[in-house]
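Step one of this worksheet: look at the structure below.
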Amino acid sequence: MGTIKVVKTAHYVPPKVVTNDDLSKIMDTSDEWISSRTGIKQRHISIDENTSQLCTKVAKQLLEKSGWDVESIDLLIIATMSPDSYTPATAALVQGNIGADKALAFDISAACSGFIYGLNVAEKFMTSSGSACKRVMLIGGEDLSKVIDWSDRTTAVLFGDGAAGVLLEQKEESASCFISSSLHTYGELGNKLEAGQTDPLVSFPVASDHKIKAFSMSGRDVYKFATHKVPVSIEEAVERAGLTLDQIDYFVLHQANSRIVAQIAKRLDQPSAKFPMNIAKYGNTSAASVPLLLDELVSNKVIKRGQIIAMSGFGGGLTVGTQIIKY
């Protein structure tokens, strides 16, 4: 059995930028109010592009960067909480768009933890006994603007659209690049962050219209959850890896709120410089958040080969997941 390596990273965000000042023209808010509470200055909003289209652009970038033949991809996973439709899966649409005819394709729904969950699923496919899965494309993609209530300033100011992903390959090397992980789901807290619910029928024949509900969140509860459970998940994964927190070069966290990231750094007693952030530019992009930040750090040569990276996502479910890798 070989080792799994992150071969390439890529991201795409739609061109339309909506600043905090832009939002102040359509709702009772201001740049100072948003940025002081969240760290967000702007976000990218998708116009005429659905989640599958955002992910397809990332997929094509990954293929171009790697030079891989598209037919060499064995598995294509899309992590999203804003799919194009109930069915087909967004991953199936992306598979068709790029012509990855030999790839098994499916979605993962774990909200802001989706990319981390996807890494774990990919690892299991690639390392299971008798598996022929050698090359995996994993993308986190969101078109959250379509599920937001744009009259609700408590949530509308937080989110942005985008997609980002990685190519994973099994190499015939002895040292593993996927070191350890920690995943947890807290279903009893699921109602603290919801989007897209549909109600069951109350009569038949149908007497009322079916409507999909917009995003809603209990900000205080989610903040408490993130600042308490994420450090536990990270510490658990680090311990399973046989490492110490000081040996982690960077903590690549889901970009939900700059205050949350700062508080997690404080609880772990680690320097803030090890917790890079890009939330000011993109807002909360859910499943795209961690790989988007990872790609920027790799592209800017902040993260280098051989460094130990702790990636952690947290959000709807409620869920939290941490993956330790040697990049």
Side-chain angles (χ1 to χ4, degrees), residues 1-11 58 61-62 65-66 79 112-113 115-120 122-123 126-127 135-140 164-183 230-255 258 260-262 264-279 281-282 285 287-314 320-327:
M1 184 180 297
T3 184
I4 301 170
K5 184 177 182 180
V6 177
V7 177
K8 293 294 179 182
T9 64
H11 81 271
V58 172
Q61 282 188 53
L62 289 169
K65 285 183 175 184
S66 65
C112 309
S113 303
F115 181 77
I116 305 300
Y117 277 48
L119 288 173
N120 276 259
E123 180 186 19
M126 299 173 82
T127 59
R135 286 183 166 181
V136 176
M137 178 180 288
L138 169 63
I139 299 172
V166 297
L167 290 179
L168 306 174
E169 186 173 24
Q170 190 177 98
K171 299 276 192 177
E172 294 303 321
E173 300 171 5
S174 57
S176 177
C177 293
F178 273 46
I179 302 174
S180 69
S181 62
S182 169
L183 304 179
V230 176
V232 172
S233 175
I234 292 173
E235 288 174 332
E236 189 173 78
V238 169
E239 182 178 354
R240 289 176 180 175
L243 301 170
T244 66
L245 290 168
D246 291 339
Q247 290 176 288
I248 305 298
D249 292 295
Y250 289 103
F251 297 85
V252 179
L253 270 54
H254 166 51
Q255 302 291 285
S258 60
I260 289 177
V261 176
I264 291 171
K266 182 178 179 181
R267 285 183 176 270
L268 294 175
D269 193 25
Q270 291 292 298
S272 59
K274 292 171 70 171
F275 293 77
M277 287 190 271
N278 62 3
I279 191 171
K281 294 191 294 182
Y282 304 113
T285 55
S289 173
V290 169
L292 200 165
L293 178 57
L294 177 66
D295 180 52
E296 287 200 328
L297 294 171
V298 169
S299 298
N300 293 329
K301 296 181 171 53
V302 176
I303 287 179
K304 303 176 180 66
R305 289 294 181 187
Q307 291 183 320
I308 306 299
I309 311 301
M311 296 182 285
S312 192
F314 48 90
V320 60
T322 299
Q323 177 73 50
I324 309 292
I325 67 168
K326 182 177 181 181
Y327 180 74

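Taking 4.5 Å as the limit, some side-chain heavy atom of Phe251 sits within range of a side-chain heavy atom of Leu245. At a threshold of 4.5 Å between non-hydrogen side-chain atoms, the residues Leu119 and Phe178 count as touching. Side-chain contact check for Gln270 versus Asp246: some heavy-atom pair is nearer than 4.5 Å. Contact of the Ile179 side chain with the Lys326 side chain is registered, since non-hydrogen atoms from C-beta on lie closer than 4.5 Å. Side chains of Ile116 and Phe314 form no contact here, defined as non-hydrogen atoms less than 4.5 Å apart.
The two residues Ala237 and Ser180 have their closest heavy-atom pair at O-OG, 2.6 Å.
Across Glu239, Glu235, Glu236, a single residue satisfies side chain to side chain donor-acceptor pair (under 3.5 Å) together with Ser182, and that is Glu236.
In this structure, the separation between OG1 on Thr9 and CD on Glu296 is 10.0 Å, given to the nearest 0.5 Å. For the atom pair Met311 CE and Ile234 CD1, the distance stands at 12.0 Å (nearest 0.5 Å). Rounding to the nearest 0.5 angstrom, the gap separating the OG atom in Ser272 from the CD1 atom in Ile264 is 13.5 Å.
Within the 3.5 Å criterion, the main-chain N or O of Ile308 finds a donor-acceptor partner in the side chain of Asp249. A donor-acceptor pair is defined here as one N or O able to donate and one able to accept, closer than 3.5 Å; such a pair exists between the side chain of Arg305 and the backbone of Tyr327.
We find that Glu169 and Lys5 are not joined by a salt bridge, their nearest charged nitrogen and carboxylate oxygen being 4.0 Å or further apart.
The environment of Lys301 atom NZ is sparse: at most 12 non-hydrogen atoms of other residues, nucleotides or ligands sit within 6.0 angstrom.
For the side chain to side chain donor-acceptor pair (under 3.5 Å) test, no residue two or more places apart in sequence or in another chain qualifies with Lys8. By the side chain to side chain donor-acceptor pair (under 3.5 Å) test, Gln61 pairs with no residue at all, sequence neighbours left out. Take Ser181 and apply the side chain to side chain donor-acceptor pair (under 3.5 Å) test, not counting sequence neighbours, and it matches Asn120.
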